[in-house]
4 protein chains.
Amino acid sequence: MTDKKQHILEHALELFAEKGFEGTSIRDLAARADVNVAMVNYYFGSKEKLFEQLVAHKAAYARVALEELANNPNYSEIEKVDMIIDNHIKKLFGNRKFHRVLHQELMLSQREALQAAIVEIIYPNSLIMRGVIESGMKSGLFKKVDAPLVIATITGTINQVLLSRRMCNKLLNKDEAYVPYDDTRFAKRLADHLKQMIRAHLLK
Amino acid sequence: MTDKKQHILEHALELFAEKGFEGTSIRDLAARADVNVAMVNYYFGSKEKLFEQLVAHKAAYARVALEELANNPNYSEIEKVDMIIDNHIKKLFGNRKFHRVLHQELMLSQREALQAAIVEIIYPNSLIMRGVIESGMKSGLFKKVDAPLVIATITGTINQVLLSRRMCNKLLNKDEAYVPYDDTRFAKRLADHLKQMIRAHLLK
Amino acid sequence: MTDKKQHILEHALELFAEKGFEGTSIRDLAARADVNVAMVNYYFGSKEKLFEQLVAHKAAYARVALEELANNPNYSEIEKVDMIIDNHIKKLFGNRKFHRVLHQELMLSQREALQAAIVEIIYPNSLIMRGVIESGMKSGLFKKVDAPLVIATITGTINQVLLSRRMCNKLLNKDEAYVPYDDTRFAKRLADHLKQMIRAHLLK
Amino acid sequence: MTDKKQHILEHALELFAEKGFEGTSIRDLAARADVNVAMVNYYFGSKEKLFEQLVAHKAAYARVALEELANNPNYSEIEKVDMIIDNHIKKLFGNRKFHRVLHQELMLSQREALQAAIVEIIYPNSLIMRGVIESGMKSGLFKKVDAPLVIATITGTINQVLLSRRMCNKLLNKDEAYVPYDDTRFAKRLADHLKQMIRAHLLK
DNA sequence: TATGAATGAGCCTTCATTCAT
DNA sequence: CATGAATGAAGGCTCATTCAT
């Protein structure tokens, strides 16, 4: 992919995250990326296709494998859960703009095809988490729990603080200027909370 | 409020939930509610004000008596937590369209005033939950936990399954036609998961 | 005519003078006159008809007779010219809002029928002036002059200072807040100028 | 400036002169100039800015060398006045559409910024005339006169016949089809009237 | 007589997109 | 490969007017 396309995608991500798909105009985008308005259609065909390419392009990050971790026999299931939590927080915090864009789309009932694609991006990680949890249950290390909902808890808790900074800050009693996602202490705090809770829930 | 206004608000809620604020045009809205396009501006002044009124109107439901529950001395803190979970699931499931609309807006960095209003709607519930948890910690019933993040877990878990039916079904291995939110067994399943996990996390 | 109609016409005159016909909405008008928007159509049938009635109603003032003066044998023609000038200034200054409305319409090539009506309002006065001037020429008191253009000079000079206060003040080196039309000294100054010039032009 | 812009401006001038600023819609304008409705905003940004550019563009004609004439020592003041009158009539007759547009705006109390711009266009000419008259008074050639009002007479007389053809024809006893502004004999007649009158008024 | 509610048409503007170069 | 020019469609909104009461 050319640098220019990369450049446009990068700025598009920001704008979509800030203003949503409909709220972002090609003019906005061209202005922000400092390219001609015709460039977008020239490179991507349409605004919608740009959006799809953005998802496809950025999705790469999501496909870095939790898999290895899941298959590694050197760790116990509970250690794997801990690592998954750490890994997940790090990844989502680092890609929070993209993550917001995904969730915006997921929430709407338009662009169904894209939604399916997004699910395919997000779901594999869930599957791996599930594998670990079920393995833990089978081996007798974990209690019998509702694995899908445990996963919903892990991702849901992270999303809850990730998707709206305003809401997050209110919850944490922070002032509006605080950016929790750049604060490694907050990442640790969140990870600790999740690990502790999930351990209490899973371990016999 | 007149029936017509109610009527418009009801349909607007649907559309906003499906297509987002920007994605919904006044013409869409008028067509869905079967009124003249000028009606919307006649009644509400502008699309934005319609949205605000929608939030203000629907927000009424949110001010139900969680507070009474929290202050009721007949229940222990852990019982209160259970009840809060049940109450929360019921309330959010029943108003999921509105809830989706709120979260869409919350995710974007536009219409700041509206966001602040939304926070004011959602936050009080968090505050009450927090009071219960802290009371439980003080009384020695609960372990020392990160109360704000416990709340994030409760609301985040519910949101995770609520905000995207497609994602939820995928997670649960259900087919696409399944509507978990109308299935009381699913509500119970979710409540059980949350209660069990939160109990494990909170109780000494 | 009812008080209410009068009331509406009065406020309509102001608005039309300030903002023009197209620039004035029935809503503006209803708000300014503090009546229901439907009143205007109820009373006058349409915005255009209101305008026509406004012209017809206010035109009455214009038909107060210069005639008597013109036919009065006790005055010489030059005395009559002086009186016509004084009379004209007084009348136009006193009805400057209406006069502005007339000239706005006269300048546009819409509402042709109305234009004809406006000409009929203004023209008679010209005719009388013309009679006086021609009588003066015939009696040998006046030089041979271009009577229609003399009239154009009298009315044109008054209009020049009357139709745009901003331009008038600039010309007179007055600040923007000055309202020349309420200042009797300015009326006298204008009359003196016209009389002196017209006398120099007419008298042998 | 591109041909297309010129083209639009030309037709816009016509329409504004016929129907006023508010009375002219962008659709009218696009239809008359045979361009897309979006073109106007593409080129000018808004209807109001189009108008401003129209004024700015056409105003160029107004900055002709009246000044040189006024400063030319080879002519006496009365000769200069004569030349100013000729020059003024020629200029205004030749740009009567533009001139009507200016006066329409000048008459209304909206778009104040534009009015100020218009005054800046028209006023310099007045200033030059004034300089000539005052110079004549100082040199003893002219009587003591009210210079600003002499200018009001010159411009006012021309405007009086210029701004409404209908009124002008009525005054001149011409039929409605007559176009005085294309008739050089009428221009001469008007010039003769003004020169003769102003001479009688000014010269000792 | 008087008016709040309702409407279809039209307003200016911006949109995503296409095209000629 | 890149882009300024151009466009039809749609955007939110206001208009004068009508209607039921």
Side-chain angles (χ1 to χ4, degrees), chain A residues 2-5 8 21-31 34-51, chain B residues 2-5 7-8 21-31 33-51, chain C residues 2-5 8 21-31 34-51, chain D residues 2-5 7-8 21-31 33-51:
Chain A
T2 67
D3 277 2
K4 206 107 174 216
K5 280 182 86 170
I8 292 173
F21 178 81
E22 305 279 355
T24 301
S25 77
I26 287 193
R27 270 162 191 72
D28 286 346
L29 213 154
D34 199 29
V35 298
N36 187 282
V37 281
M39 280 308 317
V40 171
N41 286 294
Y42 180 69
Y43 272 138
F44 301 95
S46 73
K47 183 179 157 187
E48 195 137 317
K49 281 182 194 149
L50 157 62
F51 192 87
Chain B
T2 66
D3 278 0
K4 205 86 170 239
K5 277 183 90 169
H7 182 72
I8 293 174
F21 178 80
E22 301 274 359
T24 302
S25 76
I26 286 193
R27 277 166 182 76
D28 285 345
L29 220 152
D34 198 30
V35 299
N36 188 281
V37 279
M39 228 37 255
V40 171
N41 286 296
Y42 177 70
Y43 272 134
F44 302 96
S46 70
K47 184 177 146 183
E48 197 135 325
K49 279 183 196 152
L50 158 61
F51 194 92
Chain C
T2 66
D3 277 2
K4 206 106 175 217
K5 281 183 86 169
I8 293 172
F21 178 80
E22 303 279 355
T24 301
S25 76
I26 288 193
R27 269 163 191 71
D28 286 345
L29 213 154
D34 199 29
V35 298
N36 187 281
V37 280
M39 279 309 316
V40 171
N41 286 293
Y42 179 68
Y43 272 138
F44 301 97
S46 73
K47 184 178 156 186
E48 195 138 318
K49 280 183 195 151
L50 157 63
F51 192 88
Chain D
T2 67
D3 279 1
K4 206 85 169 240
K5 277 184 88 168
H7 181 73
I8 293 173
F21 178 80
E22 300 274 0
T24 302
S25 77
I26 286 193
R27 274 165 185 76
D28 286 346
L29 220 152
D34 198 29
V35 298
N36 188 283
V37 280
M39 231 32 259
V40 170
N41 285 297
Y42 177 70
Y43 271 135
F44 302 96
S46 71
K47 184 177 147 185
E48 197 136 321
K49 279 184 195 150
L50 159 61
F51 194 93

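Each chain gets a letter, A, B and so on, in the order its sequence line appears, and its residues count up from 1. Since this is a predicted model, take the numbers as computed values, not measurements.
Judged as a side chain to side chain contact (heavy atoms under 4.5 Å, CB included), and not counting sequence neighbours, the contacts of D:A38 are D:N36. With sequence neighbours excluded, the residues that form a side chain to side chain contact (heavy atoms under 4.5 Å, CB included) with C:N41 are C:I26, C:S46. For A:E22, the side-chain hydrogen bond (donor to acceptor under 3.5 Å, both in side chains) test picks out no residue, with sequence neighbours left out. For D:T24, the side chain to side chain contact (heavy atoms under 4.5 Å, CB included) test picks out D:L15, D:F16, D:K19, D:D28, D:L29, with sequence neighbours left out.
The distance between atom CG of A:D3 and atom C1' of F:dA2, rounded to the nearest whole Å, is 16 Å. What separates CG of C:L50 from C1' of F:dT17 is a distance of 14 Å, to the nearest Å. If you take NZ of D:K5 and C1' of F:dG4, they are 13 Å apart, rounded to a whole angstrom. Rounding to whole angstrom units, CZ of residue C:F44 and P of F:dT18 are separated by 16 Å. Put simply, CG on B:L29 is 12 Å from C1' on F:dG12, counting in whole angstrom units. Across the protein-nucleic acid pair, C:K49 atom NZ and F:dT18 atom C1' stand 13 Å apart, rounded to whole Å. Summarising the geometry, the separation between CD on A:E22 and P on E:dT14 is reported as 18 Å, rounded to the nearest angstrom. Atom-to-atom, CG of C:D28 to P of F:dT17 comes out at 14 Å; the value is rounded to the nearest Å.
Between atom CE of residue D:M39 and atom CG of residue D:L50 there is a gap of 12.0 Å, rounded to the nearest 0.5 Å.
Between E:dA16 and A:S46, no contact under 4.0 Å exists linking OP1 or OP2 to a side-chain N or O. Between A:S25 and E:dT14 there is no side-chain polar atom (N or O) within less than 4.0 angstrom of OP1 or OP2. A sub-4.0 Å separation between OP1 or OP2 of E:dA16 and a side-chain N or O of A:N41 is absent.
Of the residues near DNA chain E, A:G45 and D:I26, the one whose nearest nucleotide (by heavy atom distance) lies more toward the 5' end is D:I26.
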Pairs under 3.5 angstrom, nitrogen or oxygen only, protein versus nucleotides 5-9 of chain F, please.
from	atom 1	to	atom 2	distance (Å)
F:dA5	OP2	D:Y42	OH	3.2
F:dA5	N7	D:Y42	OH	3.4
F:dA6	OP1	D:K4	NZ	3.4
F:dA6	OP2	D:Y43	OH	2.1
F:dG8	OP2	D:N36	ND2	2.8
F:dG8	N7	D:N36	OD1	3.3
F:dG8	N7	D:N36	ND2	3.2

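The minimum heavy-atom distance linking A:I8 with A:Y43 is given by the pair CD1-CD1, 3.9 Å. The two atoms that bring A:F21 and A:K47 nearest to each other are O-NZ, 3.0 Å, heavy atoms only.
The side-chain heavy atoms of D:F44 and D:K5, taken from C-beta on, include a pair separated by under 4.5 Å. Using a 4.5 Å heavy-atom cutoff, the side chains of D:E48 and D:F51 are not in contact.
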For DNA chain F, the dot-bracket pattern of Watson-Crick and G-U pairs whose distances stay under 3.5 Å, | for other-strand partners: .||||||||||||||||||||

